[in-house]
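Report on one structure; see the data block that follows.
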Amino acid sequence: MAAIKEVLSDRPRCGAPGEFTPEKTGILQSMASRAAFLQDPPHRIRFVYTPKPCSRLNQVEIRFGILTRRLLKRGRFASTDDLKQRLLEFIDFFNQTLAKPFRRTYIGKPLME
């Protein structure tokens, strides 16, 4: 019973919400002050704002999808060296024969009006 009371107590612990001071609440007053606070280098967690379609990530996902469908889905590999060799061969083959620019379908809507 004492262990349960200790777990449920309101003592400060890792991950518990901190105190709100006037300095901290002033940070949240506007988007500019919030962005400056979140982009401050000394913070342990850094927030990076990416565009909605995240085009670079989509390109990576497309390439891994092609790799999965054409090579890995039904592939059998005797060892990791065999897998590495087949991956490199497939990449060379794909780049020489099948590679073409991906058609972008995102039309670019404004983020704010």
Side-chain angles (χ1 to χ4, degrees):
M1 193 66 148
I4 294 172
K5 285 183 181 178
E6 183 179 340
V7 169
L8 297 177
S9 69
D10 281 339
R11 64 181 172 78
R13 58 190 177 271
C14 181
E19 296 288 323
F20 283 103
T21 62
E23 301 85 40
K24 287 185 180 177
T25 54
I27 291 167
L28 304 176
Q29 293 299 321
S30 70
M31 289 300 288
S33 62
R34 184 177 298 181
F37 173 76
L38 292 175
Q39 293 173 357
D40 191 18
H43 289 124
R44 191 173 67 112
I45 298 172
R46 182 169 174 255
F47 291 89
V48 178
Y49 299 100
T50 58
K52 203 170 193 175
C54 297
S55 61
R56 289 187 187 127
L57 182 59
N58 288 341
Q59 299 297 317
V60 171
E61 289 174 351
I62 290 169
R63 287 293 287 237
F64 275 116
I66 292 169
L67 185 68
T68 301
R69 284 190 307 272
R70 295 189 178 214
L71 178 69
L72 301 176
K73 193 170 188 178
R74 292 186 178 88
R76 292 187 182 204
F77 309 101
S79 65
T80 54
D81 290 333
D82 182 32
L83 172 63
K84 180 180 176 181
Q85 179 185 355
R86 298 264 305 269
L87 277 171
L88 294 175
E89 288 172 359
F90 176 78
I91 291 169
D92 287 339
F93 169 76
F94 185 85
N95 287 339
Q96 291 174 7
T97 59
L98 303 172
K100 62 182 189 244
F102 296 113
R103 194 175 77 114
R104 295 184 62 129
T105 57
Y106 183 70
I107 57 173
K109 297 178 185 174
L111 297 176
M112 288 189 228
E113 300 202 26

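Because the structure is predicted, anything quoted here is derived from the model rather than measured. Side-chain atoms are counted along with the backbone in the values below, which use heavy atoms only and exclude waters and symmetry mates.
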Q: Decide side chain to side chain contact (heavy atoms under 4.5 Å, CB included) for I66 and L98; before the verdict, give the C-alpha distance in whole Å, the side-chain angles of both, and the deciding distance to 0.1 Å.
A: CA-CA 11 Å; I66 292 169; L98 303 172; over 6 Å; no
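- Here the CZ-CZ distance, from R69 to F64, works out to 13.0 Å after rounding to the nearest 0.5 Å.
- With hydrophobic clusters built from ILVMFWY side chains whose heavy atoms lie under 4.5 angstrom apart, L71 shares a cluster with I62.
- With values rounded to the nearest 0.5 angstrom, L88 atom CG is found 9.0 Å from L83 atom CG.
- A heavy-atom distance below 4.5 Å is not found between the side chains of F77 and K84.
- Smallest separation of non-hydrogen atoms from R86 and R76: NH1-O, 3.6 Å.
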